[in-house]
Every structure is written in structure tokens, then in C-alpha cells.
Amino acid sequence: MSAIRHALNTKRDDDFAAWYQEVIAAADMAEESGVRGCMIIKPWGYGIWERMQRLLDDRIKAAGVQNAYFPLFIPLKNFEREAEHVDGFAKEMAVVTHHRLIADGEGGLIPDPEAKLEEPLVVRPTSETIIGDAMSRWIQSWRDLPLRLNQWANVVRWEMRTRMFLRTSEFLWQEGHSAHATAEEAQEETMMALEMYRAFAEEDVALPVIAGEKPENERFPGAVETWSIEAMMQDGKALQAGTSHYLGTNFAHAANIKYQNDAGRETLAHTVSWGVSTRMVGGLIMVHGDDDGLRVPPALAPFQVVILPMLRDKPEDESLLAYCEALRAAISGQSALGEPVRVLLDKRPGKAAAKRWDWVRKGAPVIIEVGGRDMENGVVSLLRRDSLWNTETGKPAFQNPDRDLCAQTIPTILADMQNGLLVEARERREANIRRDVSDMDTLAEHFSREAKYPGWVEVQWARPTGEALEKVVERLKELRLTLRNVPMHAPPADGPCIFTGEPAVERVFVARAY
RNA sequence: CGGGGAGUGGCGCAGCCUGGUAGCGCAUCUGUUUUGGGAACAGAGGGUCGCAGGUUCGAAUCCUGUCUCCCCGACCA
């Protein structure tokens, strides 16, 4: 086996955090903005997010939920109505207090003391309170229910520690909000959103996830139940990739969302909220990236196929471009994963080999290079991003299909790659889950051993609540561990609780987390 | 917010201790020669050293403040 010269400088195994940042830079996805915790999302990164938006929005609409838009600014008093919600968010709010600037006399600008707002405005950290306001006006009768809305928006949370895509001060997301006549209907909606996220993550992002309920201490502030999808990153840490909350009547009570039922009696509605954010892009990087950069699942790739003509700055270039253009047209006429294939003929000046590595780092699924000899033989040189290297030679593993047949094989390659990434990630996750740990010493030993990436442990527990749960959380904290979720599809408990020794009632995942 | 590290051409860094108005590698541009594959040689362009004060004849270098980034922790849908 020859030494492979990888496209990145940092290997995942050497320094996962540094590798993650290098992928973002090398794939030209985003960069720092100079504003604390805020990033500039560049075209390739934003293109991936746009694909996520498109595919998730299709699912949202198919579920019968309608899009709307609510204001960025929320009156401070809205947050005072729901006690737990305030506690959860008060420490991380950006607040607007003035509406005008004046010169400070030294060449600078300061907020005009004369222009102080009567009531400060909060930049939304989430929109339950302002959407609740609207719902209280829009809902009068049982006939107005259910009311099911979604908005695509940016939100701001003043986090202490930020990381690109995973936790930024400002981030992009969708937030679904609904109001229902009964608890049962609201809970059904909560599970509908959760299942929609599971399908989106697995089918579109090729991100295997565990859907389940968050323990009480991890609930959304003000929620009765919080459900999540959890994904395992390549360093074994967990990433909460989407959440769905059953809010009971807590927010309805705070915002006065009431309706007259069919018996004419005034009744509180039950509300639900659910969200997925640009954090999913970070998850995609940490699950599918490799030592050569990003690998974008075909369903999310802004370009699924990139054609690189080997231009020589000579008259022959013209016929080579025509040959490539015919290939581009043939491929764009194909359909893959239910949509027309997105193909780019990259005619920028520059050496094909240099451009190839750019596209490898960006993670374009299929790269096709075409040179003069290819043209003479009626073939192309095709490189799959999911099997980049010939490990015998240490060189890129080019295939040389016939040009005219090549286009027809693209849909199969893309579908195969989409599925392959999911399977690979799922196998890696399963290989890194332990289910045989039944005492705290073993748990501590497992997470303190030499192995760099200890993965997750599924334990059995008696679902303690209140102070008993707090104790458990404290003990886990000492090991830098968190409770992730209680998986929905797991065998019933059949042993003692790892924390208390009482008979266990269910299983719960324990892991380090982002 | 606590501890640690760092901000110098697009990127990665040296210079700072022992003040005298910047240097290296990669990238970029031009030319030549090459080229079935991440080219070679030659030349050139590009930075008031994060920002604001201060000390000084003189500050990337010393002092103070501040902003931003990275790592660890606390915090955290």
C-alpha cells in the first residue's frame, strides 16, 4: 500500500476539533465575521443549507403545515409571562434599547440617550411567545383548531462558547408551532414532527439518528415533554440534531390561547413547537467528512456532478469543451433521487488537477475529468468522492466509462452513494454503542479508558425525577457525561437501574455531547 | 463568565525578550518552458503588524484598555 497524500493537513484521528475547522475552511463553507459568534456562510455552505431547507420544507408542506413569518423583535414583557421560559433564556438574550445614534464628539457614534426605548425589545431566541400572541387572537373557536404554522428565520442566543455551525450566536432554522384542542392531538403532532425529522435526517442528510424523549433535566424551558433526534459524530460525541416539544397548556396559559369548545366552554389550547437549525450542517460535516474534506450526500449537494475539462489554452480546447458540454447536457437530462441531476461544467481557467482537489475538499459526489485522450477514446475519467483512493497505488481511483453510457449510470451512482453514506454512518454508530454496562464503575472505566472516542452507552434506569435525577446528572457531570434520550424503539428494561439499583423501567443513552 | 493560547499581505508563520517605520513559505500576477495530471524556472504586485489610548526623538516590539478567535471548564432545545 502506497502513502496517500490527503487533501487536508489535519487528520480526524490527530485532532478532531482542528480537523472540523479545517474542513469548513477548505470546503469554503463559512468563515468568521469579526462579530462574536457570528459566521459568514459562503455559497457552498449556504447551498447545502438551501438544499436542507428545500427538502425539509417539502416535508413540512406535505404534512399540511403552512409557512408564515413573525417579527425579529419581541417585546420584553412577552418573556415575563412564562416563568420557566424566562429562566431558560434570560441569560442569553440580545436586547435592543435604543433606536438612534449620535456623534460622541470624538469622531465616534453612541446610542442617543434621548432615543431610549420605553420598553426594550428582545431579538428572538425562539418565537413561542410572539407566535403565542398571534395565536391568542386567531383562535376563538374549536373550528380554528388545529392551527399549524412554520417559519424559516434567524434567531439569536448569546452563547458563552461558540463553534461554527454547531453553536453560533445567530443561527438559521425553521420553527414549527401549532395549537390543538386536546393533549392527545398535540402529542400526536409532537411525534409527527419528530418522525419527520428522523426521516429527513436519515433519508436526506444520510444521518442515522436515535429518536427518543429527553430526560426531564434536558427539557426545553417551559415544555412538558421534549423529544429529540440524536446523532453520533465521528469522535463518538452526540449531537442533538432536532427537537420537538409538547408544551401542554403552559404557553397557552401564558399567552391566553383559548377557544370555545363544542359545548361552548372556554378551554386552553395545547401547543407544540419543533425546530431544526444550521447545526445540522455541522452534524453533516462531523459524520460524513473524511481526511480529504467534506463528503456531501448527493441529495444535499448543490452540484452532484462536476465536470472538469483539462484545458490547455490551445485551439483543441474548443472541441474538448464541446465534448464536455454534450456530457453535461446528457447528465442534466437524467433524474436522480427524484430530481433532475445538478451538474456543473467548471470552465474556470486553471489546471484540472488543482480544481479537482478543490471539489474533493468541497465534497462534490462525482468529479469527471475529461482530457484529449478521453475524447479520442470516447470515454471520461470519473472519480467517486465516496471511494476516492486506490489503496494499492495511493492514487485517486479513476474509472473510465464510455461517455455516452456514463450519463445513464449517474443516477445509480448518486443513489448508491446516498445510501452508502447512511449505511457507513449507521454501522460506525452501532459499533460504538455499548449496551452491556450495568454499574457505575464500568461506566466510568469505559469513558476514562485510553480509547479516544468512547462513543455512547445505553444503560437501564428507573427514570428518577426531581432531586434524584439531579443527583444522577451531577454524577454523570463528573465524568463529563450527559443523558441524551430515551430511545423510542428499544427492548423493554429487564435489569436494575444503573444509578439507583431499583428495577429499571427503560433504557437511556449516556454520552459526551456537543 | 473562569483558566490557558493567539491576533503581523489571501492562508500558515518568524520578528517582539534586548524599540530605529517588516520578512519567510504557500497562494496571486507576468513571462518562458512544460503538462494524462496536486509542474519548473525567472521576475512582479500586495501588509501603516486586531482596534484605541499612553510612554518615547522614534512603537509590530514597552504600558493600559478593548474587540475577536482557538483549547479546557462553567453555561446551553
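- Taking 4.0 angstrom as the limit, A/Arg163 places a side-chain polar atom (N or O) nearer than this to OP1 or OP2 of B/rC72.
- A salt bridge is defined here as a Lys NZ or Arg NE, NH1 or NH2 lying under 4.0 Å from an Asp or Glu carboxylate O, and A/Arg12 with A/Asp290 fails to meet this definition.
- Look at the C1' atom in both B/rU61 and B/rU21: the space between them is 12 Å, to the nearest Å.
- Around NE2 of A/His6, the count of heavy atoms belonging to other residues, nucleotides or ligands within 6.0 Å exceeds 12.
- Between A/Pro120 and A/Val95, the closest heavy-atom pair is CB-CG1, 3.6 Å.
- The CG-P distance, from A/Leu166 to B/rC75, rounds to 19 Å in whole Å.
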Under 4.0 Å protein heavy-atom contact, by nucleotide of nucleotides 9-14 of chain B - B base, S sugar-phosphate only: ------
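- Here the side chain of A/Lys477 is nearest to one of B/rC76, B/rC75, B/rC71, namely B/rC75.
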Could you pull out all donor-acceptor pairs under 3.5 Å where a side-chain atom in residues 469-476 of chain A meets a protein atom, sequence neighbours excluded?
residue  : atom : partner  : partner atom : Å
A/Arg475 : NH1  : A/Phe499 : O            : 3.3

Filtered N/O pairs between nucleotides 28-35 of chain B and protein, under 3.5 Å:
residue : atom : partner  : partner atom : Å
B/rU35  : O2   : A/Lys351 : NZ           : 3.2

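- B/rC29 sits 28 Å from B/rC51 when the P atoms are compared, rounded to a whole Å.
- If you take CD of A/Glu159 and P of B/rA74, they are 15 Å apart, rounded to a whole angstrom.
- Remark: the separation of the C1' atoms in B/rU55 and B/rG19 is 11 Å, to the nearest Å.
- Using modelled atom types, one finds a donor on one side chain and an acceptor on the other under 3.5 Å when comparing A/Arg484 with A/Thr482.
- Look at NZ on A/Lys91: it is 14 Å from P on B/rA74, rounded to the nearest Å.
- Ion pairing of A/Arg124 with A/Glu175 is absent here, as no side-chain N (NZ or NE/NH1/NH2) approaches a carboxylate O to less than 4.0 Å.
- The side chain of A/Ala7 sits closest to B/rG38 out of B/rU68, B/rC71, B/rG38.
- Only the P atoms considered, B/rG2 is 14 Å distant from B/rG65, to the nearest whole Å.
- Salt-bridge formation is not detected for the pair A/Arg361/A/Glu22: no Lys NZ or Arg NE/NH1/NH2 atom is positioned less than 4.0 Å from an Asp or Glu carboxylate oxygen.
- A/Trp44 does not carry A/Lys42 over the face of its six-membered ring by the limits of under 6.0 Å from the centre and within 45° of the normal.
- Not a single donor-acceptor pair, N or O on each side, falls under 3.5 Å between the base of B/rC75 and the side chain of A/Arg161.
- Using C1' as the reference atom, B/rG23 and B/rA39 are 27 Å apart when rounded to the nearest Å.
- In this structure, A/Arg163 is not positioned above the aromatic face of A/Tyr20 in the sense of NZ or CZ being under 6.0 Å from the six-membered ring centre and within 45° of the axis.
- A salt bridge does not link A/Lys347 with A/Asp317: none of the charged nitrogens is closer than 4.0 Å to a carboxylate oxygen.
- Counting only heavy atoms from C-beta on, A/Met160 has its side chain closest to B/rC1 among B/rC76, B/rC1, B/rC71.
- Across B/rU28 and B/rG9, the matching C1' atoms stand 11 Å from one another, rounded to whole Å.
- B/rC49 and B/rC24 are spaced 15 Å apart, taking the C1' atom of each and rounding to whole Å.
- Rounded to whole Å, the distance from CZ on A/Phe16 to P on B/rC70 is 16 Å.
- In this structure, the CD1 atom of A/Ile40 is 12 Å from the P atom of B/rC69, given to the nearest Å.
- Ranking B/rC71, B/rC75, B/rG73 by closeness to the A/Arg480 side chain, first place goes to B/rG73.
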